[in-house]
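Throughout, protein chains are lettered first and strands after them, A, B, ... in sequence-line order, and every chain is numbered starting at 1.
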Amino acid sequence: MLDIKRLRSEPEEIRKALERRGIDAPLDEFAELDKKRREIIVEAEEKKALRNQVSDEVAVAKKAGEDASGKISAMKKVGEEIKALDLMLKDLESQLEDIVLELPNTPLADVPDGADESANVTVRTWGEPRRFDFEARPHWDLGAELGIIDQERGAKVAESRFTLLRGMGARLERALINFFLDLHTGEHGYTELFPPILVNSESMRGTGQLSKFAQAEMYKLRDDDLFLNPTAEVPVTNIYRDEMLAEEDLPIHVTAYLPSFRREAGAAGRDTRGLIRQHQFNKVELVKFVTPETSGDELEALTANAEEVLRRLELPYRTVALCTGDMGFASARTYDLEVWLPSYDAYKEISSCSNYLDFQSRRLNIRYRPTGGGKPRFVHTNNGSGLAVGRTFAAIIENYQNEDGSVTVPEALRSIMGVDTITQA
RNA sequence: GGAGAGGUGGCCGAGUCGGCUGAAGGCGAUCGCCUGCUAAGCGAUUAAGGGGGUUUUAAGCCUCCUUCGAGGGUUCGAAUCCCUCCCUCUCCGCCA
């Protein structure tokens, strides 16, 4: 959420910033409610101060054995007035909260403007899309033929958009997870976590997954206040919810492999084939908790860490700066990594790396105490996938396919896979 | 699932016949003194959030309100009493 003080002191800057995202923020309504709120606070607090003072007098009088019944009955009435004011206040605050929680983050100044992905800006491209001297095939066909991807049986066991991996397919999935984690922990300095796969509603709310918009995407358990993890960002970012960190603790760089689940409620007809859009998918997440001064550089580094995975796998990709209209709700800057996918004849998102500034930590109440004392400050958070496993799987099958339908194993995975080529079992 | 104990500030930990306890004490931290350096020692400061005032802004200062797991209730007044919920720990049960 945005800083209330900022909404109050620089509403025009915020209005302009949100307009860049195509949002007409109800800031006038906010200002009006906020003004009313403060008026009531003043009134209520005056009465509370009076009550506190008289209550002390009652205590003194009683100790002295004097009669205080006049004061007591007067305060009884004041107490009722306070109760009424507090009720009004509560109502106003929930109205204010409704407004504030619906406001997305303000984009950083140099984020490209635009309404949709057509305005995104490619910041770098790595590798050349392979030119095939035969008819390249999509991973779902190759995978089925190789016997490593079985979508029919996945659907039988669960439903469509669930997949059974078999043999070298299952092994490739596992190899990718290991490879990602080993790279990020061994060479990029992240600490590996394995968080709960079920998360409670407070955690979901903390990272914004329960907004009207996002809610329908989530699998909810019937008998418990728990959801299936939609992205490791949720359990990982929430580990420090309501905590006071020390500046010496920062930066915190963590990575986690976790199965993720999404209902894909609004995605009917999109990416229906193959592994691109599944209800259950594996992802290795990168999350950073950092000081405000460093979050920009930290995002660049995090993005580079995710890119390194694609380079080691020698998969052609490009890095795209999302425009204001295409960025996620909480983000102030986002880079998407897009891998070349021959079946789509296009680059397809495989990672999304964002700087949330203090937008997330404010809502989650994650602060740190600066070295040398001083007021607690909100940390900044960064987050990105490093990478989505299923999409990497698909990219490897397609980019490394051979004319005979076999798939060459990328150099970097051979020791984990134990073979150089995936062939029909 | 059954029985019991408990949830207090950055951390630990006092606080039951409800009333200068927003909270003793300790640790940690910061500043100062001391010291050849370090350690030890001495002194001071140190919860957060929200209003109002002051200030050109910020900082600072003054003042008030709220907060002792969460929510409700009783009361002039609640960390202290009552209710509901959540969580943690111990024992038992079950179990990979």
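Taking 4.0 Å as the cut-off between side-chain N and carboxylate O, A:R15 and A:D28 count as a salt-bridged pair. One finds a salt bridge joining A:E307 and A:R124 here, because a Lys/Arg side-chain nitrogen approaches an Asp/Glu carboxylate oxygen to under 4.0 Å.
Around atom CD of A:E152, no more than 12 heavy atoms belonging to other residues, nucleotides or ligands sit under 6.0 Å away. Annotation: A:E187, atom CD; neighbour count of heavy atoms from other residues, nucleotides and ligands within 6.0 Å is above 12.
Among the nucleotides B:rC76, B:rC64, B:rU66, the one closest to any side-chain atom of A:K62 is B:rC76. You'll find that the side chain of A:E45 is closest to B:rC64, out of B:rG19, B:rC64, B:rG49. Listed candidates were B:rG77, B:rA48, B:rG19. Nearest to the side chain of A:V58 is B:rG19. The side chain of A:V42 lies closest to B:rG51 when the candidates are B:rG19, B:rU66, B:rG51. Checked against B:rA47, B:rG72, B:rG50, the side chain of A:K90 finds its nearest nucleotide in B:rG72. Nearest nucleotide to the side chain of A:K48, out of B:rC76, B:rA48, B:rC65: B:rC65. Closest contact between the side chain of A:R8 and the listed nucleotides B:rG51, B:rG72, B:rA48 involves B:rG51. When the nucleotides B:rG72, B:rC76, B:rG19 are ranked by their closest atom to the side chain of A:K76, B:rC76 comes out on top.
Among all heavy-atom pairs drawn from A:V290 and A:P251, the shortest one is CG1-CB, 3.8 Å.
For the pair A:L96 CG and B:rG49 P, the computed distance is 19 Å after rounding to whole Å. Per the geometry, CG belonging to A:D224 stands 11 Å off P belonging to B:rC86, to the nearest Å. Between the CG atom of A:D225 and the P atom of B:rA70 there is a distance of 18 Å, rounded to whole Å. To the nearest angstrom, P of B:rA58 lies 15 Å from NZ of A:K375. The CD1 atom of A:I4 sits 14 Å away from the P atom of B:rG49 (whole-angstrom rounding). As a whole-Å value, the separation of A:Y368 OH from B:rA48 C1' is 17 Å. When rounded to the nearest whole Å, the span between NZ of A:K71 and C1' of B:rG19 equals 14 Å. Protein atom CG of A:D249 is 13 Å distant from nucleotide atom C1' of B:rA29, rounded to whole Å.
Comparing A:M244 and A:D56, the nucleotide of RNA chain B nearest to each residue sits closer to the 5' end for A:M244. Position along RNA chain B of the nearest nucleotide to A:I41 versus A:G79 favours A:I41 as the more 5'-ward residue.
Among the atoms of the strands shown, none is found under 4.0 Å from any heavy atom of A:K36. When heavy atoms are screened at a 4.0 angstrom cut-off, A:V54 is found touching no nucleic acid atom at all. Looking at heavy-atom distances under 4.0 Å, A:K47 makes no contact with the nucleic acid at all.
Under the Watson-Crick or G-U wobble criterion, with both distances below 3.5 Å, B:rU46 is paired with B:rG28. With a cut-off of 3.5 Å on both pairing distances, the Watson-Crick or G-U wobble partner of B:rC33 is B:rG41. When both pairing distances are held under 3.5 Å, B:rC17 makes no Watson-Crick or G-U pair with any nucleotide shown. Using Watson-Crick or G-U wobble geometry with both donor-acceptor distances under 3.5 Å, B:rC94 finds no partner in any strand shown. Pair check for B:rA78 finds none; no Watson-Crick or G-U wobble contact set falls under 3.5 Å.
With A:I396 as the fixed residue, the side chain to side chain contact (heavy atoms under 4.5 Å, CB included) test singles out one of A:I422, A:V409, A:L176, A:V339: A:L176.
The phosphate of B:rU74 (OP1 or OP2) has a side-chain N or O of A:K83 nearer than 4.0 angstrom. The phosphate of B:rU66 (OP1 or OP2) has a side-chain N or O of A:N52 nearer than 4.0 angstrom. Here A:R37 reaches the OP1 or OP2 of B:rG51: one of its side-chain N or O atoms lies under 4.0 Å away. OP1 or OP2 of B:rC65 has not a single side-chain nitrogen or oxygen of A:R51 nearer than 4.0 Å.
Across B:rU75 and B:rC61, the matching P atoms stand 40 Å from one another, rounded to whole Å. Separation of the P atoms belonging to B:rC65 and B:rG77 is 14 Å when rounded to the nearest angstrom. Distance check on atom C1': B:rU8 versus B:rA48 gives 14 Å, rounded to whole Å. The same atom, P, is picked in B:rU74 and in B:rC91; the two are 41 Å apart, to the nearest Å. Taking atom P on both B:rU84 and B:rG2, the two are 15 Å apart, rounded to the nearest angstrom. Between B:rA79 and B:rG13, the two C1' atoms lie 14 Å apart (nearest whole Å). The same atom, P, is picked in B:rA24 and in B:rC20; the two are 13 Å apart, to the nearest Å. For the P atoms, the distance from B:rC89 to B:rC83 is 25 Å, rounded to whole Å.
Separating the OG atom in A:S260 from the CD atom in A:E285 is a distance of 7.0 Å, to the nearest 0.5 Å.
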Exercise for review: Apply ring-ring contact (aromatic ring centres under 6.0 Å, His included) to A:F289 and A:Y240, showing your working.
Suggested key: CA-CA 9 Å; A:F289 303 86; A:Y240 295 118; 4.9 Å; yes

